[in-house]
There are 2 protein chains.
Amino acid sequence: MEALTIHEAAQTTGWTPRMLRYIERIGLIEPARTESGYRHYGAGELQRLRTLRELLAEHEIGLGDVAFALRLRRDEALSGAVGSWLEAEPQRPEAVSADRWLRWEQEKHARIIDALTTNETMETAA
Amino acid sequence: MEALTIHEAAQTTGWTPRMLRYIERIGLIEPARTESGYRHYGAGELQRLRTLRELLAEHEIGLGDVAFALRLRRDEALSGAVGSWLEAEPQRPEAVSADRWLRWEQEKHARIIDALTTNETMETAA
DNA sequence: ACAACCTTATCAAAGCTGTGTCAAGGTTGG
DNA sequence: CCAACCTTGACACAGCTTTGATAAGGTTGT
């Protein structure tokens with residue numbers, strides 16, 4: 001037999017049945033179901049449950065963190081938004097002084113107006 | 001003078017001074033300091049503080065999530081580990097497990113296995 | 001020199017996470 | 001048909017996160 005019940009799966013992976021349901025609830029591992037609704041954990045899921053424990057232990061992260069990483073991977077808009085926010089991070093605070101940034105902003109403003117008034121054939125791709 | 005104190009920065013960004021210190025503590029925005037230790041928020045930091053609020057509001061995420069995303073981005077080993085764990089995810093539960101549990105069921109009843117073995121040429125179209 | 005800021009550190013309350021346990025009810029195999 | 005599983009749902013509790021308030025003390029500008 002290839003698929004284990006939740007108690008058996010718990011036993012062989014070191015989790016509790018309660019936690020297997022929780023892990024499923026947050027979207028990390030969703031086992032197949034029998035017709036009557038029983039969870040069935042296959043070899044792949046058992047492996048992933050074991051590696052999940054290692055992952056958490058070795059990197060001091062929580063289930064919620066992994067769930068968020070999964071969400072990042074699935075939600076393109078989210079990962080884009082977070083990514084581009086983080087992108088603006090490489091802080092060299094000394095390098096760009098505040099008033100220099102202000103000046104650059106004003107220049108940009110001027111350039112935009114210029115571009116708009118002289119050349120209106122632009123493909124605004126969002 | 002272009003850089004704002006913590007109270008001024010809080011005022012113009014909609015955070016509280018307390019939260020600006022917290023945001024710094026979790027590594028998201030670390031403003032420059034004066035010689036005597038006062039935080040100084042420049043235009044760039046103010047901008048990032050405002051976009052941070054939008055980011056949280058629009059995607060229903062928390063500061064801790066963004067902090068984790070930052071950690072992912074900085075810790076190559078971590079992002080590798082999480083990534084490869086998630087990589088093994090794309091299960092199409094329907095495809096495999098349905099007939100698998102059926103087979104398991106029938107094994108238990110010691111019944112017509114022939115029907116399955118002769119009829120196992122199923123298209124796993126995904 | 002004083003008011004009005006800033007700093008760090010600490011206590012506290014509200015809320016979320018991770019986990020156990022129990023209850024009411026469906027499935028299953030002998 | 002009964003014991004031993006399974007299901008979902010709820011209550012509960014420790015511990016962590018998020019946020020505020022407050023204290024003790026340094027800096028600053030007028």
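Letters go in sequence order (proteins before strands), and every chain restarts at 1.
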Which part of the nucleic acid does B:Arg25 contact within heavy-atom distance under 4.0 Å: base, sugar-phosphate only, or nothing?
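Here B:Arg25 touches no strand at all.
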Taking only side-chain nitrogens and oxygens of B:Thr16, does any of them come within less than 4.0 Å of OP1 or OP2 of D:dG20?
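Affirmative; the distance criterion is met.
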Kindly check if the number of other-residue, nucleotide or ligand heavy atoms within 6.0 Å of CZ (B:Arg25) is above 12?
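At most 12 heavy atoms, drawn from other residues, nucleotides or ligands, come within 6.0 Å of this atom.
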Evaluate whether atom CD of B:Glu8 has more than 12 neighbouring non-hydrogen atoms of other residues, nucleotides or ligands under 6.0 angstrom away.
yes
Mind checking side-chain contact (heavy atoms from CB on, under 4.5 Å) for A:Arg53 and listing every partner two or more places apart, or none if nothing turns up?
A:Trp15
Restricting to side-chain contact (heavy atoms from CB on, under 4.5 Å), what partner residues turn up for B:Leu70, sequence neighbours left out?
A:Leu86, B:Leu28, B:Arg74
Can you tell me the distance, in whole Å, between the [atom1] atom of [X] and the [atom2] atom of [N]?
X	N	atom1	atom2	result
A:Trp15	C:dG18	CH2	C1'	10 Å
B:Glu24	D:dT19	CD	P	16 Å
A:Leu52	C:dG18	CG	C1'	13 Å
B:Glu30	C:dT7	CD	P	14 Å
B:Met19	D:dT19	CE	P	3 Å
B:Tyr22	D:dT17	OH	C1'	5 Å
B:His40	C:dT7	NE2	C1'	13 Å
B:Ile26	D:dC16	CD1	P	17 Å

Under the rule for side-chain hydrogen bond (donor to acceptor under 3.5 Å, both in side chains), what residues qualify as partners of B:Glu58, not counting sequence neighbours?
none
A:Ile6 and A:Tyr38: same hydrophobic cluster, using ILVMFWY side-chain contacts below 4.5 Å?
no
May I ask you to test the A:Val82-B:His59 pair for a side-chain heavy-atom distance under 4.5 Å?
no
Do A:Asp65 and A:Leu56 come close enough that some side-chain heavy atom pair is under 4.5 Å?
no
Given protein heavy atoms under 4.0 Å, the one-letter contact record of nucleotides 24-29 of chain D, with B base, S sugar-phosphate only and - none, is simply --BBS-
I need the residues from residues 59-68 of chain B with at least one non-hydrogen atom less than 4.0 Å from DNA chain D; give them sorted by number, or say none.
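The answer is B:Leu63, B:Gly64.
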Enumerate all atom pairs, one protein N or O and one N or O from nucleotides 9-11 of chain D, separated by less than 3.5 Å.
none

Check A:Glu45 with A:Arg39, please: is the shortest side-chain N to carboxylate O separation under 4.0 Å?
no
Can you tell whether the side chains of B:Glu60 and A:Arg71 come within less than 4.0 Å, N to carboxylate O?
no
With distance as the sole test, does A:Arg50 use its side chain to make a donor-acceptor pair with the main-chain N or O of A:Thr12 at under 3.5 Å?
yes
